[in-house]
Amino acid sequence: MSISELRTDPISGRKVLIAEDRAGRPNDFESTAAVPTSDPSFCPFCVGHERDTPEALLELLDKHGNWQVRVIPNKYPAVLKVGTERSETTGTQLLSTQPAYGAHEVIVESPRHIQDLTELSIAELSTVLLVYRDRLRHWSRDPSMRHATLFKNVGHKAGASLQHLHSQLVALPFVPEAISNELQAAKNFHDQEGACIFCKLLQEEINLRERLVGEEGDFIAFCAYAGRQAFETWILPTRHASHYEQLADDQARPLARLLQQVVRRLQTQLKPLSYNLVLHSAPFGEQASDSYHWHFELIPRTAQLAGLEWGAGVYINSLSPERAAKLLREAGS
Ligand SMILES: [Zn+2]
Ligand SMILES: [Zn+2]
Ligand SMILES: [Zn+2]
């Protein structure tokens, strides 16, 4: 397996992982795939097929001693923990390259061949949410890593290559662009207003109610004011918390209930539902603990990204977030 490259675009500063090995990964949606892994008998994530995956980094056992959640290294990693995070940059001043340092894990979220988190019990999903926390805590203790992104691709349009319910975690020695942009905006707001911009925002959303989708315990879900795709929904703790690593054990159940409620409601509106769920949490350590506020961004893949999105970074959303939220509220639980 060759190590991927981390390249930085000399004009925009955009970071790109050149990871050719990943092209060989299984894709159970391609009709040309030799082994259709939508058939559980060929699925490497199903119970009984553990030998088809790299050795587990962590297995959470139920009371009968069977694994319930399994964390494994990604067999087709985009980044690898080889060498050091400060590996030498080579190439020219403009066209420089570095080995793509980092860690890439898969969290298999059920031994059963299920496809969405709505098929888990609340207790099972709570366990999964606590495993996310524990993996972030694990990587936060690694001094070579600065941030980890946890994400889930569900459905063909969202880029899922295996149907079996799972998430991925990518730990990196740098803060990704989407997070650093948010951090900067949050810091600017905090410097000027002395408050967390997310706390202010969710208070406004609670007062206005028109974009609210659901509330459970200390968590709230609303359609993003400037959502990039129809039904883009954010889920946040209502009490300020910068790092997902801070999640308390007893917060997992209400968060699980809200996540399931949001996805169920989306399933009534979008069939079949494809989405990306991405956790945005502050960089490891104390950094930004007053100004940043962790959240999930759930982006249903309702439209193809086209010229204006790719070429200019301007999104066209064909459904107002207010109407989307109303449809989701009317969809019931
Ligand atoms: Zn499976
Ligand atoms: Zn806050
Ligand atoms: Zn965000």
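Predicted model only: the values in this text are computed from it and were never measured. Just follow the structure's listing: the first ligand is 1, and inside any ligand the first atom is 1.
The nearest N, O or S atom of H49 is not closer to the Zn ion (ligand 1) than 2.8 Å.
The N, O or S atom of E297 with the smallest distance to the Zn ion (ligand 3) is OE2. Between the Zn ion (ligand 1) and the N, O or S atoms of H113, the shortest distance is to ND1. Sorting the N, O or S atoms of H293 by how far they are from the Zn ion (ligand 2) puts ND1 first. Within H164, ND1 is the N, O or S atom that lies nearest to the Zn ion (ligand 1). H240 contributes atom ND1 as its closest N/O/S atom to the Zn ion (ligand 2).
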Problem set entry | Residues R211, E205; criterion salt bridge (charged side-chain N to carboxylate O under 4.0 Å, His left out); working and verdict | CA-CA 7 Å; R211 279 174 298 277; E205 294 293 359; 3.1 Å; yes
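Using cut-offs of 30° and 60° for the angle between ring planes, the Y292 and H295 rings count as tilted.
At distances below 3.5 Å, at least one donor-acceptor pair connects side-chain atoms of H293 with backbone N or O atoms of P237. Side-chain N or O atoms of E232 include one that pairs as donor or acceptor with a backbone N or O of R228 at under 3.5 Å. Formation of a donor-acceptor pair under 3.5 Å by the Q168 side chain with backbone atoms of N74 is not found in this model.
In this structure, K15 satisfies the cation-pi test against F174, with its NZ or CZ atom closer than 6.0 Å to the six-membered ring centre and inside 45 degrees of the ring normal.
Considering the Zn ion (ligand 3) as centre, the angle to ND1 of H280 and to OE1 of E182 is 90° (10° rounding).
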